[in-house]
**Q** 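The structure is given below, and queries will be raised subsequently.
Labels below follow one simple rule: chain letters A, B, ... track the order of the sequence lines, proteins then strands, and each chain is numbered from 1.
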Amino acid sequence: MYYPGCSLKDTAIGFEESAMYASEQLGIHLKELERWNCCGTVYSLATDNLMKQVAPIRNLVHAQEEGYDTLYTLCSMCDNTEKRANRLVQNDSEKLDKINSFMDLEEDYRVEVTVRHYLELLRDELGWEKVSKPVQSPLDDLKVAPYYGCMLTRPKEIGLDDPHNPTVLDDLITSLGATPVDYPYHSECCGSYNTVENQEIVLKQAAKISEGADTAGADLLITSCPLCHYNLDTRQREYAQQNPSHKPVPILYITQLMAVAYGNPDVCRFEEHAIDPSNTIPIKTKALNKR
Amino acid sequence: MKITNSDQDLVAVVEELSGQNLYACFQCGKCSASCPFTDEMDELPNQVIRRVQIGDKRILSSRSPWVCASCLSCEVECPKGNDIPAIMEAIREINLRRNVDETDLNKLDTDGLPEIALVSNFRKKTG
């Protein structure tokens, strides 16, 4: 059971389409949750306002109603919000009761749904060997910077990897035949929603993170967060326009790198990226040739 | 600094909203060392906590809680297990619950921004 979240249907459509393609190659069928709503994007930290927990819990109720015990996510922010809301009601039955009675849906949430990120599916259920199998165009000479950001590994209670020394993206990169590069900013925040009202913060972070990756020799950077993608891609281009000496680093979603390695970059919608990955990825695609 | 009863209220409200123990903080500064946005803040994260500890209500008008993006860099470092972003959220909430939104919708240029940025911004900066 797959929960896309809003971005995957709009600005991150290339993330969803490449994930669908990569999953098919791996024999995984991502069945979309029939009734889903926005998770709220950020987990509410105020202890007394349960209103903001309703959105993520509703998605879990819908997964339960449709008969599934696991909800798979692609977006790091959805993953984080759903997991933390789930954890809140796992540990606090009084809050669960309040949310259930407020929602007044057909069913109460029984706290039996597990939220898992697509990377956990690849690592823990499939294994990296199987992820390697469909590789048609090994990314031999490609050096890739893994960008974990905040939401995959923090807080530790729900993180899918070690918050200080995560390896899951490095392992994905290796399994696709490329080389992961180590750089200091793999888990540093991109500035998140400051991109709305405080763009300067995000411009600085986009420059710092991409320059850090470039200095370490990376050809491109991968992420699983649509907000990080926007900040590192679009804001990095703005920074590059203001600073011509900046070398732009293309930003790919995790499943776009998989689709490229599996031989079908056309599903990636690279034409929608602010920083063109076509010079970096040595494969001519229909979409890129249209330029 | 003189601590009056009303100053103590600030600690109680922040503790209630955040679910954190403010007096557990012994000012080691690891939160501030790990924060990527201290350049943009008028008070470092550990200074925000200190001001709440001593009941200094001027902290309610600090820019720091609005710069904090809840990235949790500090949360994984705190040796006392405090969730510092929850403390920042408590200070944001105290302001938002006075019916003063941080984001002025009339002045906001949303052109080209993805929904994930707008929704998260509104969830954190409007009441």
**Q** Counting only N and O atoms by type, is there a donor-acceptor contact under 3.5 Å from the side chain of B/Gln53 to the main-chain atoms of B/Cys25?
**A** yes
**Q** Quick one: does A/His186's side chain get under 4.5 Å of A/Leu169's, heavy atoms only?
**A** no
**Q** For the candidates A/Gly159, A/Cys6, A/Gly40, which exhibits the highest count of non-hydrogen atom pairs separated by less than 4.5 Å from chain B?
**A** A/Gly40
**Q** To the nearest 0.5 Å, how far apart are CD1 in A/Ile57 and NZ in A/Lys52?
**A** 15.5 Å
**Q** Side chain, backbone, both or neither: which part of A/Cys225 has a non-hydrogen atom closer than 4.5 Å to chain B?
**A** neither
**Q** Answer yes when A/Lys208 and A/Glu188 have at least one side-chain N-carboxylate O distance shorter than 4.0 Å, and no when they do not.
**A** yes
**Q** Heavy-atom pairs under 4.5 Å with chain B: which of A/Thr153, A/Leu45, A/Thr195 has the most?
**A** A/Leu45
**Q** About how many Å separate CZ of A/Arg237 and CG of A/Leu203, when rounded to the nearest 0.5 Å?
**A** 12.0 Å
**Q** What part of B/Asp109 gets closer than 4.5 Å to chain A, counting heavy atoms only: side chain, backbone, both or neither?
**A** neither
**Q** Considering only NZ, NE, NH1 and NH2 on the basic side and carboxylate oxygens on the acidic side, decide whether A/Arg154 and B/Glu77 come within less than 4.0 Å.
**A** no
**Q** Using a 3.5 Å distance criterion without hydrogens, assess whether the side chain of B/Ser32 forms a donor-acceptor pair with backbone atoms of B/Leu44.
**A** no
**Q** Is it the backbone or the side chain of B/Cys68 that comes under 4.5 Å from a heavy atom of chain A, or both, or neither?
**A** backbone
**Q** Nearest 0.5 Å, please: how far is OH in A/Tyr3 from CH2 in A/Trp36?
**A** 6.0 Å
**Q** Under a 4.5 Å heavy-atom cutoff, which of A/Ser187, A/Gly191, A/Ser192 has the most pairs with chain B?
**A** A/Gly191
**Q** Check the orientation of A/His229 and A/His273. Use parallel for under 30°, tilted for 30 to 60°, and perpendicular for over 60°.
**A** perpendicular
**Q** Which one of B/Glu16, B/Lys107, B/Arg97 has the most heavy-atom pairs closer than 4.5 Å to chain A?
**A** B/Arg97
**Q** Just give me the residue among B/Val67, B/Ile87, B/Thr103 that pairs up with chain A most often, heavy atom to heavy atom, under 4.5 Å.
**A** B/Thr103
**Q** With a 4.5 Å cut-off on side-chain heavy atoms, are B/Cys74 and B/Ser34 touching?
**A** yes
**Q** Could you tell me whether B/Glu43 and B/Arg50 make a salt bridge, using a distance below 4.0 angstrom between a side-chain N and a carboxylate O?
**A** no
**Q** Which answer fits A/Cys228, side chain, backbone, both or neither, if we ask what part of it has an atom under 4.5 Å from a heavy atom of chain B?
**A** neither
**Q** Is chain A contacted by the side chain of B/Lys125, its backbone, both, or neither, given a heavy-atom distance below 4.5 Å?
**A** side chain
**Q** Measure B/Ala117 against the heavy atoms of chain A and call it side chain, backbone, both or neither at under 4.5 Å.
**A** both
**Q** Given heavy-atom pairs under 4.5 angstrom as the criterion, report whether the side chain, backbone, both or neither of B/Leu108 touches chain A.
**A** side chain
**Q** Hey, could you give me the CD1/CD distance between B/Ile84 and B/Glu75, rounded to the nearest 0.5 Å?
**A** 7.5 Å
**Q** Heavy-atom distances under 4.5 Å only: say whether A/Pro155 touches chain B with side chain, backbone, both or neither.
**A** both
**Q** Which answer fits B/Ser18, side chain, backbone, both or neither, if we ask what part of it has an atom under 4.5 Å from a heavy atom of chain A?
**A** backbone
**Q** Side chains of B/Thr126 and B/Glu102: closer than 4.5 Å at any heavy-atom pair?
**A** no
**Q** Between the side chain of A/Tyr183 and the main-chain N/O of A/Ala218, is any donor-acceptor distance below 3.5 Å?
**A** no
**Q** Answer with side chain, backbone, both or neither: which region of A/Glu200 has an atom nearer than 4.5 Å to a non-hydrogen atom of chain B?
**A** neither
**Q** Determine, step by step, whether A/Leu252 and A/Thr223 satisfy the side chain to side chain contact (heavy atoms under 4.5 Å, CB included) criterion, reporting the C-alpha distance in whole Å, the side-chain angles of both residues, the deciding distance to 0.1 Å, and the verdict.
**A** CA-CA 6 Å; A/Leu252 267 63; A/Thr223 177; over 6 Å; no
**Q** Give me the contact list for residues 77-93 of chain A versus chain B, heavy atoms only, anything under 4.5 Å, ordered by residue number.
**A** A/Met77, A/Arg84
**Q** Checking A/Glu157 against chain B: side chain, backbone, both or neither under 4.5 Å from a heavy atom?
**A** side chain
**Q** Between B/Asp111 and chain A, which part of the residue has a heavy atom less than 4.5 Å away: side chain, backbone, both or neither?
**A** neither
**Q** Please state whether the side chain, the backbone, both or neither of A/Tyr43 comes within less than 4.5 Å of a heavy atom of chain B.
**A** backbone
**Q** Can you say whether A/Ser44 sits under 4.5 Å from chain B via the side chain, the backbone, both, or neither, judging by heavy atoms?
**A** both
